[in-house]
Amino acid sequence: MASLVSLVPFHQLSKAQAAMTDETTTFASPSMDASYKQQSPTTSQSASTQTVAAPPLSDEITVTITKSDLQKMKGGLGLELGEVAFRTNFRVVIKSLAPNSLADKLGIQPGWVVVSVNGEDGERTNASGVATYFSRAVKSTLNAADGTPNASLTLTFRDPAKFRSELENFPTTDGAVGEGGAPTTVSTKVAPAGDTTQRNSDGSLKPGASVTEQSDQVVTISQLIPPKMCQRRATTDDLLEISYIGQVLETGAIFDGSAVKINGEAIPGRGNDISVFFVLGKQPFGQFPPGWDVGLDGMCVGERRRLIVPPVLAYGATGVPRRGIPPNATLQYDVTLVSMNGLATPQ
């Protein structure tokens, strides 16, 4: 019932000219614990034409430092900055802290990513730039009149471990899904807004490159159906069998699905399969969107999640027009974990 094939062209599929049906309920077992029972997206709402709003980020941490704190500090904040660069993106991180320093006492941790310093963007500069922001913010705060808003500085960090921890600790019972039945949701920014042009070290364009930019790239994961039980969560190298539906978030257009039929006809080459297999964290480049490796981490057999995947973790600035995915498209996947390492019973 499962397939190892990747995406197939669905550019001809539209609500006006073709009907998409999900066949997974055909295989549902009467047993409430059966994984196939939860594959049908009966509780999931399809994407519709909409403006994509930036969700709140669940892994950002704000630290406020008062003028009084700064006046008492000795030897500066006590932060050592490091940086990681990938293509046009920088990440400035806290490399280390001086023991008993102000930063140490405030609970700032090594590994945190610097997002902003008093509102100045720390994600589009290097460690030297962020150090300048810190110096400027400290001086501005110390020179501000007591009792004014400027008599404190605000630091925003991102804790990469926090997002993963929250993702790996989604509820495991029906009654634990969010407030008032709302889905449990976590999100993180994987790349900041700004210029993404490929340039040489002197600032000139690389051969064949053009000036490009992007909006904030935020990945959001919601739990739609919790597993009945879970003592073993998916991790890198696990063989996952999943059932899924994929839509373009901005338009609601369906472009893929593990059990899609067009006008009642099976997709050629799929053999009426209703699920696909892939190895978490080890999929061949281009076979599935990288957002799956992020969003399915920590998943349990029988669990259903909704992944909102930004272009940088999907099909980028070029898209896949022949499959109905336009350039810079944000994608929505509703995914059920059917089995893990060959076992379809709750683990």
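Here the structure is a predicted model, which means the values were calculated and not measured.
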Quick check for you: to the nearest 0.5 Å, what is the distance between R158 atom CZ and S116 atom OG? 9.5 Å
I94 with V138, same ILVMFWY side-chain cluster at under 4.5 Å: yes
In R233, M340, E241, K228, the residue satisfying side chain to side chain contact (heavy atoms under 4.5 Å, CB included) with V301 is M340
Distance, nearest 0.5 Å, that separates CG of L249 from OG1 of T220: 9.5 Å
May I have the step-by-step check of side-chain contact (heavy atoms from CB on, under 4.5 Å) for K67 and D146, ending in yes or no? CA-CA 8 Å; K67 180 178 178 179; D146 292 340; 3.0 Å; yes
Verify the cluster assignment for L153 and V113: are they in a single hydrophobic cluster under the rule of side-chain heavy atoms below 4.5 Å apart? no
For E60 versus T156, what's the shortest heavy-atom pair and its separation? OE1-CG2, 3.7 Å
The criterion is side-chain hydrogen bond (donor to acceptor under 3.5 Å, both in side chains); which residues satisfy it with T125, sequence neighbours excluded? none
Check the orientation of Y333 and F255. Use parallel for under 30°, tilted for 30 to 60°, and perpendicular for over 60°. perpendicular
Has T141 got a side-chain atom pairing as donor or acceptor with A137's backbone, closer than 3.5 angstrom? yes
Student check: side-chain heavy atoms of V294 and V309 closer than 4.5 Å: no
Q109: partners by side-chain hydrogen bond (donor to acceptor under 3.5 Å, both in side chains), with sequence neighbours left out: none
Quick one: do T66 and D69 satisfy side-chain hydrogen bond (donor to acceptor under 3.5 Å, both in side chains)? Show the steps, please. CA-CA 5 Å; T66 66; D69 292 331; 3.0 Å; yes
L337 CG to I225 CD1 distance, which is reported to the nearest 0.5 Å: 12.5 Å
Side chain to side chain donor-acceptor pair (under 3.5 Å) with Q223: of E303, R306, R304, only one passes, and it is E303
Do the side chains of V218 and T330 get nearer than 4.5 Å, heavy atoms only? no
Stepwise side-chain contact (heavy atoms from CB on, under 4.5 Å) test for Y133 and V114: CA-CA 11 Å; Y133 294 165; V114 180; over 6 Å; no
So do the side chains of S101 and M73 get within less than 4.5 Å of each other, counting heavy atoms only? no
In the structure I gave you, are the side-chain heavy atoms of F170 and P226 within less than 4.5 Å of one another anywhere? no
Which atom names give the shortest non-hydrogen contact between A145 and A151, and what distance separates them? O-CB, 3.6 Å
Quick one: closest heavy-atom pair of A314 and A329, and the distance? CB-O, 4.5 Å
Are V92 and L106 joined in one hydrophobic group, where the rule is that I, L, V, M, F, W and Y side chains link up if heavy atoms are under 4.5 Å apart? yes
Gap between atom CD1 of I245 and atom OG of S258 - 0.5 Å precision: 6.0 Å
Rounded distance (nearest 0.5 Å) linking atom CG of L155 with atom CZ of F134: 5.0 Å
Strictly distance-based, threshold 3.5 Å: is any side-chain N or O of D293 a donor or acceptor partner for the main-chain N or O of L280? no
K162 side chain to S58 main-chain N or O, any donor-acceptor pair under 3.5 Å? yes
Minimum heavy-atom separation for G324 to P326, with atom names? O-CD, 3.4 Å
Are the side chains of L77 and I108 in touch, meaning some heavy atoms are under 4.5 Å apart? no
Are L79 and V84 linked, directly or through intermediate hydrophobic residues, by side-chain heavy-atom contacts shorter than 4.5 Å (ILVMFWY only)? no
Going by side chain to side chain contact (heavy atoms under 4.5 Å, CB included), name the residues that satisfy it together with Q231, two or more places apart in sequence or in a different chain. none
Determine the minimum heavy-atom distance between G291 and L307, stating which atoms define it. O-CD2, 3.8 Å
Nearest heavy-atom pair of F277 and S339: which atoms, and what distance? CE2-OG, 4.2 Å
Could you check D256 against Y244 for side-chain contact (heavy atoms from CB on, under 4.5 Å), going step by step and ending with a plain yes or no? CA-CA 8 Å; D256 192 23; Y244 71 96; 2.6 Å; yes
Just by modelled atom types, is the T336 backbone N or O under 3.5 Å from a matching donor or acceptor in the S243 side chain? no
In terms of the angle between their ring planes, are F278 and F288 parallel, tilted or perpendicular, with boundaries placed at 30° and 60°? tilted
To the nearest 0.5 Å, what is the distance between CD on Q217 and CG on L313? 7.5 Å
Side chain N341, main chain L239, donor-acceptor under 3.5 Å: yes
Where do E166 and D59 land on the side-chain contact (heavy atoms from CB on, under 4.5 Å) test, with the steps shown first? CA-CA 9 Å; E166 290 180 340; D59 58 351; 5.6 Å; no
Taking C-beta and beyond as the side chain, do L331 and V248 meet within less than 4.5 Å on heavy atoms? yes
So do S152 and I65 actually touch side chain to side chain, heavy atoms under 4.5 Å? no
Are any of the side-chain heavy atoms of V320 and R322 separated by less than 4.5 Å? yes
L97 reachable from L81 in the ILVMFWY side-chain graph, under 4.5 Å edges: yes
